[in-house]
Amino acid sequence: MTIVEQPLGVQLAESCIPVLETERLVLRAPRIEDIPAVAALANNHKIAEMTANLPYPYRLSDARAFVETLAQTPDAATFALFLKNEGEQALVGMCGFGRRPPEPVHEIGYWIGEPFWGRGIATEAMRAVIDYVFSETDIDLLAGAARVVNPGSRRVLEKCAFQWSGVGLCRVRALSASVPVDRFQLERRTWASLRAWGSTAMPMQRARAH
Ligand SMILES: CC(C)(COP(=O)(O)OP(=O)(O)OC[C@H]1O[C@@H](n2cnc3c(N)ncnc32)[C@H](O)[C@@H]1OP(=O)(O)O)[C@@H](O)C(=O)NCCC(=O)NCCS
């Protein structure tokens, strides 16, 4: 994950969070000009039924309200995701982290537009957000949740090193109902250990070098 320097003159909400860059993605604060693309991708019951807060149908006015009321603080950030090689306006999804008082723990969230599923985008984006949280903030614990009927999301959390911590119920706005979820957690010290592990050579490579 690379943190890109912000140009002078970015909007206030944007200036609170950096632009992150991965191999294939740019992650930045959602802007007014993203509203049509956000509405087009998010207006999907398959996404709404798996997330807590997205309405369905998802209208332009919902996208506008979402972008205009975002609270970007050092403690909470939302990133719009763009594929680098598919044109400047190629929004592919949304992700972020934040804390919903009185909950003590920061939670991550994400959705990817259906045409872009199955390409590793959620995993790549969430790894960048996790690296950002643990390297640039003092947050020590991240939580995530996936509906028990959402193995794809569960897999994303596992690929990001989250560990299962229990079950619970989560209110889904689009269903006007609470549904069972699996809960997951990732501690800073686990993340730090995995990052250090990744930088050591595999034993076979080390043996060959001698
Ligand atoms: C879940 C979601 C974020 C995944 O996005 P994505 O970019 O396709 O995810 P990735 O490609 O990074 O990883 C998906 C993983 O789940 C696996 N997967 C997908 N569907 C699966 C299924 N039905 N059963 C088992 N595994 C499944 C994929 O094979 C992949 O794992 P792998 O790399 O080990 O093969 C996306 O489908 C989405 O936005 N869904 C609707 C909203 C949502 O669920 N948000 C999360 C709320 S908790």
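Counting convention: from 1, in listed order, for ligands and their atoms alike.
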Do the non-hydrogen side-chain atoms of Trp164 and Leu157 ever get within less than 4.5 Å of each other? no
Which heavy atom of the protein is the closest neighbour of [atom], given with residue, atom name and distance?
atom                    : result
atom 1 (C) of ligand 1  : Ser153 N, 3.7 Å
atom 40 (N) of ligand 1 : Trp117 CZ2, 3.6 Å
atom 44 (O) of ligand 1 : Asn150 ND2, 2.7 Å
atom 5 (O) of ligand 1  : Ala122 CB, 3.3 Å
atom 8 (O) of ligand 1  : Gly118 N, 2.7 Å
atom 23 (N) of ligand 1 : Pro151 CG, 3.4 Å
atom 45 (N) of ligand 1 : Tyr110 O, 2.8 Å
atom 12 (O) of ligand 1 : Thr123 OG1, 2.5 Å

Could you check whether [atom] has a protein contact, counting only heavy atoms that fall below 4.0 angstrom?
atom                    : result
atom 15 (C) of ligand 1 : yes
atom 31 (O) of ligand 1 : yes
atom 35 (O) of ligand 1 : no
atom 28 (C) of ligand 1 : no

Polar-atom distance check: [X] versus ligand 1, any N or O pair below 3.5 Å?
X      : value
Lys46  : no
Trp111 : no
Lys159 : yes
Met50  : no
Ile112 : yes
Arg155 : yes

Is a salt bridge present between Glu21 and Lys84, judged by a nitrogen-to-oxygen distance below 4.0 Å? yes
Between Glu103 and Arg99, does any side-chain N to carboxylate O distance fall below 4.0 Å? no
Those atoms of ligand 1 less than 4.0 Å from some heavy atom in Ile121: 7 (O), 12 (O)
More than 12 heavy atoms from other groups under 6.0 Å of CZ on Arg100: no
Does CZ in Arg119 sit with more than 12 non-hydrogen atoms of other residues, nucleotides or ligands closer than 6.0 Å? yes
With sequence neighbours left out, what residues match Arg183 under salt bridge (charged side-chain N to carboxylate O under 4.0 Å, His left out)? none
Which option, Cys170, Ala145, Gly120, owns the non-hydrogen atom nearest atom 10 (P) of ligand 1? Gly120
Counting heavy atoms only, which of Gly152, Gly144, Ala125, Cys160 is nearest atom 20 (N) of ligand 1? Gly152
Using the ring of each side chain (for Trp, its six-membered ring), is Phe97 parallel, tilted or perpendicular to Tyr132, with breaks at 30° and 60°? tilted
Any donor and acceptor pair, going by atom type alone, linking the side chain of Arg64 with main-chain N or O of Arg59 inside 3.5 Å? no
Considering only distance and modelled atom types, tabulate donor-acceptor pairs under 3.5 Å from the side chains of residues 192-200, sequence neighbours left out.
residue : atom : partner : partner atom : Å
Arg195  : NH1  : Asp131  : OD2          : 3.1
Ser199  : OG   : Ala196  : O            : 2.7
Thr200  : OG1  : Trp197  : O            : 2.8

Interatomic spacing from SG in Cys95 to CD1 in Ile112 - rounded to 0.5 Å: 7.0 Å
May I ask whether Ala52 places a heavy atom under 4.0 Å from ligand 1? no
